[in-house]
> 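Here it is: the structure, laid out below.
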2 protein chains.
Amino acid sequence: MDRAAEATDGSLLLDDQLCFALYAASRAVTARYRPLLEELGLTYPQYLVMLVLWEQDSISVRDLGTALQLESSTLSPLLKRLEAGGLLRRERRPDDERSVAIRLTDAGARLQERARTVPLAIGDAMGLTAEQDAMAKQLLRLISSNVADG
Amino acid sequence: MDRAAEATDGSLLLDDQLCFALYAASRAVTARYRPLLEELGLTYPQYLVMLVLWEQDSISVRDLGTALQLESSTLSPLLKRLEAGGLLRRERRPDDERSVAIRLTDAGARLQERARTVPLAIGDAMGLTAEQDAMAKQLLRLISSNVADG
DNA sequence: CCCTAATTAGTTGTGCACGACTTAATAGCA
DNA sequence: TGCTATTAAGTCGTGCACAACTAATTAGGG
């Protein structure tokens, strides 16, 4: 079996591994975000939380976890830091005291304006055509959904 | 501007973001690896280090960092754990005492055999055709290289 | 109605990931 | 040769990410 055939097969060569390409690209993109988000006082996972909140304010920790595919053990401390930064508030739901509603503060809502340029800057840095962007998203979602169950 | 056009533009919707698809897919794949690697006593980044060492034994921390795109501040503690697990040794290079050579132990070399089934199992779980796999790798590498400089 | 099971957040411990810094050693030039 | 800049590895502090667990609350069957 030659080198090319191994690529989609059981090779142990790092550069044949799709998983490594994925892992490296993910960290590279996050690194690219870092300076932009630093100006907003956010880390990358915090930025993702804010994206969800700008879309749907007053969401439970559980639903936030579903949207971002993160555990409460990751979100709880992260949300605490965002609360300490004055971007959101956490309050127990009166109708179900197990649940905690996350709500934007005015400062949190206002931050959206300053964040509007971020996706464009990153999209620009990634340098994909619209077709490549769509194809990449489609493949990544396919991987996610295949890997989740199966 | 309608919803479809925004997708490749400056949308702040989470599900429009390629970066989120990337981040989610990367974590999903790593999660899929976890139980397989646990049997080998490895974490995912440790597995990547072992892949490099199986390919090229006796490599410096620096070159390992270049291969994996990781800082010495990440690798140093990770390598210490692998050394504590008996899979490798670290020794200063006699000709350049700044540099540390990472060498597999016999146990580390032997582990390769048990790891051979891992890429196949993951490849299977990702469920891509050979064409999709190749396309995904190509796009991810393009993203990585564009984002790195530019 | 009660009591057990399920649900929701949160805590704790381990291991990355990275920036800022430190220490030690080498390179290279005046 | 001596001195300064560079390089290599490592430490430290912060913030994820996740498994395992806990505490509090609610749901639902007998």
Side-chain angles (χ1 to χ4, degrees), chain A residues 19-20 23-35 37-38 41-50 59-66 68-85 87-102 148, chain B residues 19-20 23-35 37-38 41-50 59-85 88-102 148:
Chain A
C19 74
F20 176 66
Y23 164 81
S26 179
R27 284 188 303 113
V29 169
T30 304
R32 189 74 182 208
Y33 268 101
R34 200 166 293 119
L37 295 179
E38 200 167 2
L42 295 174
T43 65
Y44 179 69
Q46 287 170 9
Y47 167 71
L48 294 179
V49 166
M50 295 304 289
I59 188 175
S60 66
V61 174
R62 183 192 121 88
D63 290 348
L64 204 48
T66 301
L68 298 172
Q69 291 297 300
L70 288 171
E71 304 296 320
S72 71
S73 49
T74 299
L75 285 174
S76 287
L78 188 157
L79 291 169
K80 242 186 206 175
R81 284 185 283 271
L82 287 175
E83 188 179 37
L87 297 180
L88 54 81
R89 270 190 281 275
R90 294 179 302 157
E91 40 198 43
R92 291 271 162 194
R93 287 239 154 89
D95 56 321
D96 186 345
E97 296 253 329
R98 289 173 302 184
S99 192
V100 166
I102 307 299
Chain B
C19 73
F20 175 67
Y23 164 81
S26 178
R27 284 188 304 113
V29 169
T30 304
R32 189 72 182 209
Y33 269 101
R34 200 167 293 117
L37 296 180
E38 199 166 4
L42 295 175
T43 65
Y44 180 67
Q46 287 169 10
Y47 167 71
L48 294 179
V49 166
M50 295 304 289
I59 188 175
S60 66
V61 174
R62 183 193 120 87
D63 290 349
L64 205 47
T66 301
L68 297 172
Q69 292 296 299
L70 288 171
E71 303 296 319
S72 71
S73 51
T74 299
L75 285 175
S76 286
L78 189 157
L79 291 170
K80 241 185 204 176
R81 285 186 282 271
L82 287 176
E83 187 179 37
L88 55 81
R89 269 190 280 277
R90 295 180 300 158
E91 39 200 42
R92 291 271 162 194
R93 286 239 154 88
D95 56 321
D96 186 343
E97 296 252 327
R98 289 173 303 183
S99 191
V100 165
I102 307 299

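Naming convention: chains lettered A, B, ... in sequence-line order (proteins, then strands); numbering from 1 in each chain. Since the structure is predicted, the reported quantities are computational estimates derived from the model, not experimental observations.
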> Do any side-chain nitrogens or oxygens of Arg90(A) fall under 4.0 Å of OP1 or OP2 in dG10(C)?
yes

> Are OP1 or OP2 of dT8(C) and a side-chain N or O of Arg62(A) less than 4.0 angstrom apart?
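So the side chain of Arg62(A) is within the cut-off, an N or O lying under 4.0 Å from OP1 or OP2 of dT8(C).
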
> Whether Lys80(B) contacts dA9(D) is assessed here as follows: a side-chain N or O lying under 4.0 Å from the phosphate OP1 or OP2. Is that the case?
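So the side chain of Lys80(B) is outside the cut-off, no N or O lying under 4.0 Å from OP1 or OP2 of dA9(D).
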
> Quick one, Leu68(A) and Phe20(B) - any side-chain contact, counting heavy atoms below 4.5 Å?
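Of all side-chain heavy-atom pairs linking Phe20(B) with Leu68(A), at least one is under 4.5 Å.
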
> Less than 4.0 angstrom between a side-chain N/O of Ser76(A) and OP1 or OP2 of dG10(C), yes or no?
yes

> Measuring to OP1 and OP2 of dC16(C), would you say a side-chain N or O of Gln46(B) lies under 4.0 angstrom away?
yes

> Tell me whether the OP1 or OP2 atom of dA9(C) has a side-chain N or O from Arg92(A) closer than 4.0 Å.
no

> Ignoring hydrogens and geometry, is there a side-chain-to-backbone donor-acceptor pair from Arg92(A) to Arg98(A) under 3.5 Å?
yes

> dC16(D) phosphate, OP1 or OP2: any side-chain N/O from Arg81(A) under 4.0 angstrom?
yes

> Check if the side chain of Ser72(A) and the base of dG10(C) share a donor-acceptor pair of N or O atoms closer than 3.5 Å.
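Checked by distance alone, the answer is yes.
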
> To the nearest angstrom, how far is Glu71(A) atom CD from dA19(D) atom P?
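These atoms are roughly 6 Å apart.
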
> Taking only the side-chain nitrogens and oxygens of Ser99(B), find out if one of them lies under 4.0 Å from OP1 or OP2 of dT7(D).
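The answer is no; no side-chain N or O of Ser99(B) sits under 4.0 Å from OP1 or OP2.
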
> Please check the phosphate of dA17(D) (OP1 and OP2 only) for any side-chain N or O of Ser73(A) closer than 4.0 Å.
no

> At under 4.0 Å, does any side-chain N or O of Tyr44(A) touch on OP1 or OP2 of dA17(C)?
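For dA17(C), OP1/OP2 do not have a side-chain N/O of Tyr44(A) under 4.0 Å.
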
> Counting distance only, does the side-chain N/O of Arg62(B) pair as donor-acceptor with the main-chain N or O of Val100(B) below 3.5 Å?
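Answer holds: no.
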
> Which angle, to the nearest 10 degrees, lies between the helix axes at the two ends of the helix from dC1(C)-dG30(D) to dA30(C)-dT1(D), each defined by five pairs?
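One end's axis against the other's: 10°.
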
> Of all the heavy-atom pairs spanning Arg27(B) and Leu70(A), show the shortest one and how long it is.
NH1-CD2, 3.3 Å

